[in-house]
Amino acid sequence: MNMNTNFDKVDIKQFQHDLITWFVREQRDLPWRKNGGDPYKVWVSEIMLQQTRVDTVIPYYERFLEKFPTIESFAEADDESVLKIWEGLGYYSRVRNLHSAVKEVVQHYGGKVPETPEEISKLKGVGPYTAGAVLSIAYGVPEPAVDGNVMRVLSRILLMWDDIAKQSTRKLFEKAVRELMYYENPSYFNQALMELGALICTPTSPSCLLCPVRDHCQAFEAGVQEELPVKTRKKTTKHVEIVAAVLKNKDDQFLIRKRPEKGLLANLWEFPNVEDHGPYVQMRQGLAGYLKNELEIDTELETGTFEKVNHVFTHLTWTIDAFSGKLIGDFSGRPNYKLVCKEQLEEYAFPVSHQKIWQAYKKQYL
DNA sequence: AATCCGTGGCA
DNA sequence: TTGCCAAGGAT
């Protein structure tokens, strides 16, 4: 597409003024807008907000900064507490990468978050969006911060029909932002574009009649705002049947294990479980056999499940049948397995699906 | 480039 | 109920 043609239709100065004026007047009162411009706090908020709703993030953000108020305090945190504070927020590699990157900043940058695109982009978990967001919001550096909101807003204003699901498309929007950027206040400009996308220029049913930049919007002029942005998608939802065991030994300790360091729900803890496709009786027997073979432990599993969890991931669905049981004899111990009392258990980070199992177990047995 | 990586809200 | 999706990044 010929982007110059589309820019010719925009009065850039007037657009900037209308957008910024609206943002100053209408921006939401969010916790990370009261962080004093601390680059560390801006950084934390941007990582949490990746693919995650504002309302979900707010309590996590408050708790996180209460526990780790400075970049040094977070750098010193142990891995278990880092994962625990992220429990339930999803995309757990975010916090592992953030922790790694923060330690890098403390060690090699004296605790000062880098303020150039080249340096900040080298940090783990800091991609093009986060780099631009932290640099512009914390330091006023005029870098684009192109997220889903920005692509949606600009696709409509500039009538860009490029598929935003394609990774290469982001560069087109970064180029557009550089053309439109309000260089007097990059922080406000980037935030205003995102805020407009969140409050007015929404994915469905945008509130065009309330839009401060409606007069600059080529999609509104053409009446095609509902058709933009173009976003292709595919869906291949796989279903996995799982049987899990909440096992208690004679000392009222429970058997848990740590998930692998890579892949789904990396490093989180869970109740011993195995994939199974069999009918009901075979499921239970299969689970007992698995525990016997893999862990060399004897168990007495109850005949009925006490909880059935259906958990939907983006591209995967788990159905977990949970059995309560006794752990017979001594457990010799295996790598990644632990016996813990119920108070200790709740200090480890579990996926939401296994949290549900534990809550159901407590309600029924404790 | 295409796929993986969580969760909860919503129409 | 089902699919979409919300301030993306790594591989």
Side-chain angles (χ1 to χ4, degrees), chain A residues 23 27-28 30-33 42-61 83 86-98 100-101 120-138 144-153 163-171 173-174 177 187 189-199 201-205 229 231-239 259-268 270 309-318 349-356:
Chain A
F23 177 70
Q27 64 171 298
R28 290 168 291 178
L30 300 172
W32 41 91
R33 290 182 175 153
V42 173
W43 186 8
V44 169
S45 72
E46 292 302 339
I47 298 298
M48 284 190 172
L49 286 162
Q50 289 172 6
Q51 299 292 286
T52 311
R53 287 182 153 73
V54 164
D55 289 344
T56 302
V57 166
I58 289 174
Y60 280 90
Y61 180 78
L83 206 48
W86 211 265
E87 183 185 50
L89 195 51
Y91 286 141
Y92 299 94
S93 65
R94 290 184 296 175
V95 76
R96 187 180 65 240
N97 288 333
L98 178 62
S100 171
I120 201 171
S121 296
K122 289 178 184 169
L123 299 172
K124 286 184 181 174
V126 179
Y129 164 76
T130 304
V134 174
L135 290 175
S136 63
I137 295 172
V146 175
D147 70 340
N149 284 314
V150 172
M151 288 195 283
R152 183 173 60 258
V153 168
D163 181 2
I164 68 167
K166 297 177 68 176
Q167 202 160 8
S168 58
T169 301
R170 195 198 68 251
K171 295 187 181 68
F173 285 93
E174 288 177 344
V177 169
S187 170
F189 182 77
N190 282 339
Q191 290 188 73
L193 281 180
M194 292 187 278
E195 195 77 346
L196 189 69
L199 299 182
C201 196
T202 48
T204 59
S205 306
K231 187 176 185 179
T232 62
R233 62 180 56 262
K234 59 189 69 71
K235 51 173 186 288
T236 52
T237 308
K238 192 172 73 172
H239 290 257
R259 293 179 57 83
E261 294 181 0
K262 292 190 175 183
L264 184 67
L265 302 167
N267 296 322
L268 273 69
E270 65 181 5
V309 173
N310 214 312
H311 192 77
V312 180
F313 300 91
T314 302
H315 294 296
L316 177 69
T317 299
W318 275 358
F350 285 76
V352 167
S353 52
H354 285 252
Q355 290 179 45
K356 290 176 182 170

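All chains are named by letter (A, B, ...) in the order of the sequence lines, taking the proteins before the strands, and each is independently numbered beginning at 1. What's counted below: heavy atoms across the whole structure, side chains too, no hydrogens, waters or symmetry copies.
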| query | Between Lys166(A) and Val352(A), which has a closest nucleotide on DNA chain B that is more 5'? | reply | Lys166(A)

| field | Residue mapping more 5' on DNA chain B - nearest nucleotide basis, Ala165(A) or Arg94(A) | value | Ala165(A)

| Under the 3.5 Å rule, do the base of dA7(C) and the side chain of Gln51(A) count as making a donor-acceptor pair? | no

The side chain of [X] lies closest to which of these nucleotides: [options]?
X: His311(A); options: dT7(B), dG9(C), dG6(B); result: dT7(B)
X: Arg28(A); options: dA7(C), dG6(B), dT7(B); result: dA7(C)
X: Arg33(A); options: dA7(C), dT7(B), dA6(C); result: dA7(C)
X: Pro203(A); options: dA6(C), dA1(B), dA7(C); result: dA6(C)
X: Tyr92(A); options: dA1(B), dG8(C), dT7(B); result: dT7(B)

| message | As an exercise, state the distance from NZ of Lys231(A) to CE of Met151(A), rounded to the nearest 0.5 Å. | response | 7.5 Å

Rounding to the closest angstrom, what is the interatomic distance between [N] and [M] at atom [atom1]?
N: dA2(B); M: dA7(C); atom1: P; result: 23 Å
N: dG6(B); M: dT2(C); atom1: P; result: 23 Å
N: dA6(C); M: dA1(B); atom1: C1'; result: 23 Å

| message | Set out, in order, the CA-CA distance, both residues' side-chain angles and the distance that settles side-chain contact (heavy atoms from CB on, under 4.5 Å) for Val54(A) and Arg28(A), then state yes or no. | response | CA-CA 11 Å; Val54(A) 164; Arg28(A) 290 168 291 178; 4.0 Å; yes

| Between Leu264(A) and Arg259(A), is a side-chain contact (heavy atoms from CB on, under 4.5 Å) present by the stated rule, with each step listed? | CA-CA 9 Å; Leu264(A) 184 67; Arg259(A) 293 179 57 83; 3.8 Å; yes

Rounded to the nearest angstrom, tell me the gap between atom [atom1] in [X] and atom [atom2] in [N].
X: Asp163(A); N: dA1(B); atom1: CG; atom2: C1'; value: 12 Å
X: Arg96(A); N: dA10(C); atom1: CZ; atom2: P; value: 11 Å
X: Lys262(A); N: dA10(C); atom1: NZ; atom2: C1'; value: 10 Å
X: Arg170(A); N: dG9(C); atom1: CZ; atom2: P; value: 8 Å
X: Lys238(A); N: dC5(B); atom1: NZ; atom2: P; value: 9 Å
X: Trp318(A); N: dG8(B); atom1: CH2; atom2: C1'; value: 17 Å
X: Glu46(A); N: dA7(C); atom1: CD; atom2: P; value: 11 Å
X: Lys356(A); N: dT7(B); atom1: NZ; atom2: P; value: 8 Å

| task | Tell me, please, which residues at least two apart from Glu87(A) pass salt bridge (charged side-chain N to carboxylate O under 4.0 Å, His left out). | result | Lys84(A)

Is [X] touching bases, backbone alone, or none of the nucleic acid, heavy atoms closer than 4.0 Å?
X: Leu30(A); result: base
X: Trp32(A); result: base
X: Gly197(A); result: nothing
X: Val312(A); result: base
X: Leu89(A); result: base

| message | I'd like to know if the side chain of Thr169(A) and the backbone of Asp163(A) have a donor-acceptor N/O pair within less than 3.5 Å. | response | yes

If the cut-off is 4.0 Å, is [X] near the phosphate of [N], judged by side-chain N/O to OP1 or OP2?
X: Tyr91(A); N: dA6(C); answer: no
X: His315(A); N: dC5(B); answer: no
X: Arg152(A); N: dA6(C); answer: yes

| Between Val126(A) and Trp43(A), does a side-chain contact (heavy atoms from CB on, under 4.5 Å) hold up when you go through it step by step? | CA-CA 9 Å; Val126(A) 179; Trp43(A) 186 8; 3.7 Å; yes

| query | Regarding Gln50(A) and Tyr129(A), is there a side-chain donor-to-acceptor distance under 3.5 Å anywhere? | reply | no

| query | With a 3.5 Å cut-off and no angle check, do the side chains of Arg94(A) and Thr130(A) form a donor-acceptor pair? | reply | no

Listed by chain and number, what are the side-chain contact (heavy atoms from CB on, under 4.5 Å) partners of [X], not counting sequence neighbours?
X: Met48(A); value: Val44(A), Val57(A), Tyr60(A), Tyr61(A), Phe64(A), Trp86(A), Leu89(A)
X: Val352(A); value: His311(A), Gln355(A), Lys356(A)
X: Asn267(A); value: Leu83(A), Arg96(A), Lys258(A), Glu261(A)

| remark: Walking DNA chain C from its 5' end, the first of Gln167(A) and Thr314(A) to be reached, judged by nearest nucleotide, is Thr314(A)

Collect all protein-nucleotide pairs involving nucleotides 9-11 of chain B in which both atoms are nitrogen or oxygen and the distance is under 3.5 Å.
none

| task | Tell me which residues in residues 124-133 of chain A put a heavy atom below 4.0 Å from DNA chain B, sorted by number, or none. | result | none

| Could you walk me through whether Tyr92(A) and Leu265(A) pass the side-chain contact (heavy atoms from CB on, under 4.5 Å) check? | CA-CA 7 Å; Tyr92(A) 299 94; Leu265(A) 302 167; 3.7 Å; yes

